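A note on names: the letters A, B, ... follow the listed sequences, proteins ahead of strands, and every chain is numbered from 1. Everything quoted here is computed from the prediction, not taken from an experiment.
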Number of protein chains: 2
Amino acid sequence: MKTENAAPVFESLSSGARLDVFRLLVRYAPDGLVAGDIAKKLDIPATNLSFHLKTLLHSGLVEMEKEGRFWRYRANVPLMLEIIAYLTDQCCCGSSRKKTGKTRSC
Amino acid sequence: MKTENAAPVFESLSSGARLDVFRLLVRYAPDGLVAGDIAKKLDIPATNLSFHLKTLLHSGLVEMEKEGRFWRYRANVPLMLEIIAYLTDQCCCGSSRKKTGKTRSC
DNA sequence: ACAACATTTCAATAATTGTTGAATAATCAT
DNA sequence: ATGATTATTCAACAATTATTGAAATGTTGT
């Protein structure tokens, strides 16, 4: 996972609405939900949900599959695992640091 | 960590510039860097850096301390650990799900 | 073929975020 | 005190993102 791939993921999680969508899809993994059910459960207009889903699709954090006249969305859990690994490595404990001889913060 | 606290953290990581700032500060943890050094290393105007640092401060992901005429910024690594725990719990494997009898994706 | 349905795309607008230069505040050295 | 230094805040503007209703696309059932 490179930073230029990670930033869009954070961007796609940076709205409360999208974070809610993603958490909902994780709760319903691995089956996912169709758009109408998401809209109903989160009580947001279909057209606005569609906008947010597009952002999530673009970052890769959710995936989509047409199913008759429904569109089914699922969380991409493996990508989330990569993001967690990225954060652990780059933004937390795993990164190399200046050799000052001091102890690390974790 | 609650969702309403997590969203601002993702928002503060959602710009490439801020993600760079945070990663830099992690590399220089636990000492951190003064604003001028950040600006120099990342080659962004001081006034713009100041704007991004304010966002990071607001989410709690960085902390600030005045040091003479310098302002020193440090990464809040413990908060990042909480975020990683939040993602693991809410957005990945730890969350409760509908009982469908199917196996979990992780 | 037709009507009902699920969802998206489009266009318009509102709201927020990002960027910059100039002005300001605080500190340090002389 | 004065001038140089560090960094912020302010104001203006540019750019992006969010929200909504109406129209369009494709699907299903009759």
### Message
Can you identify which nucleotide, out of D:dT19, D:dT9, C:dT7, has its nearest atom closest to the A:Phe51 side chain?
### Response
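The listed nucleotide nearest to A:Phe51's side chain is D:dT19.
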### Task
Between C:dG18, C:dT8, D:dA7, spot the one nearest the side chain of B:His52, thanks.
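Closest of the options to the side chain of B:His52: C:dG18.
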### Query
OP1, OP2 of D:dT6 versus side-chain N and O of B:Tyr73: anything below 4.0 Å?
no
### Summary
Readout for nucleotides 21-30 of chain D: B = base within 4.0 Å of protein heavy atom, S = sugar-phosphate only, - = neither; 5' to 3' it is BB---SBS--
### Query
Taking 4.0 angstrom as the limit, do A:Glu65 and A:Arg72 come out as a salt bridge?
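Salt bridge: no.
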### Query
How are the rings of B:Phe10 and B:Tyr86 set relative to one another: parallel (under 30°), tilted (30 to 60°) or perpendicular (over 60°)?
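Ring orientation of B:Phe10 relative to B:Tyr86: tilted.
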Tell me: [atom1] of [X] to [atom2] of [N], nearest whole Å?
X	N	atom1	atom2	result
B:Leu56	D:dA7	CG	P	16 Å
B:Asn48	C:dT20	CG	P	6 Å
A:Ile44	D:dA18	CD1	C1'	11 Å
A:Asp20	D:dA18	CG	C1'	15 Å
A:Lys54	D:dT20	NZ	P	16 Å
A:Glu11	D:dT16	CD	P	11 Å
A:Glu65	C:dT8	CD	P	14 Å

### Query
How large an angle, rounded to 10°, do the end axes of the helix from C:dA1-D:dT30 to C:dT30-D:dA1 enclose when each is built from five base pairs?
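About 30°, once rounded to a multiple of 10°.
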### Message
Considering every strand and a 4.0 Å limit on heavy-atom distances, what is the contact class for A:Arg18: base, sugar-phosphate, or nothing?
### Response
sugar-phosphate
### Task
Apply side-chain contact (heavy atoms from CB on, under 4.5 Å) to the pair A:Glu82 and A:Val9, showing each step before the final yes or no.
CA-CA 11 Å; A:Glu82 279 188 63; A:Val9 173; over 6 Å; no
### Query
With B:Ser50, which residues qualify under side chain to side chain contact (heavy atoms under 4.5 Å, CB included), at least two apart?
none
### Query
When you measure from the side chain of B:Arg18 to the backbone N and O of B:Glu11, does any donor-acceptor pair fall under 3.5 Å?
yes
### Message
Between B:Phe70 and B:Leu56, is there shared hydrophobic-cluster membership here, with clusters defined by ILVMFWY side-chain heavy atoms closer than 4.5 Å?
### Response
no
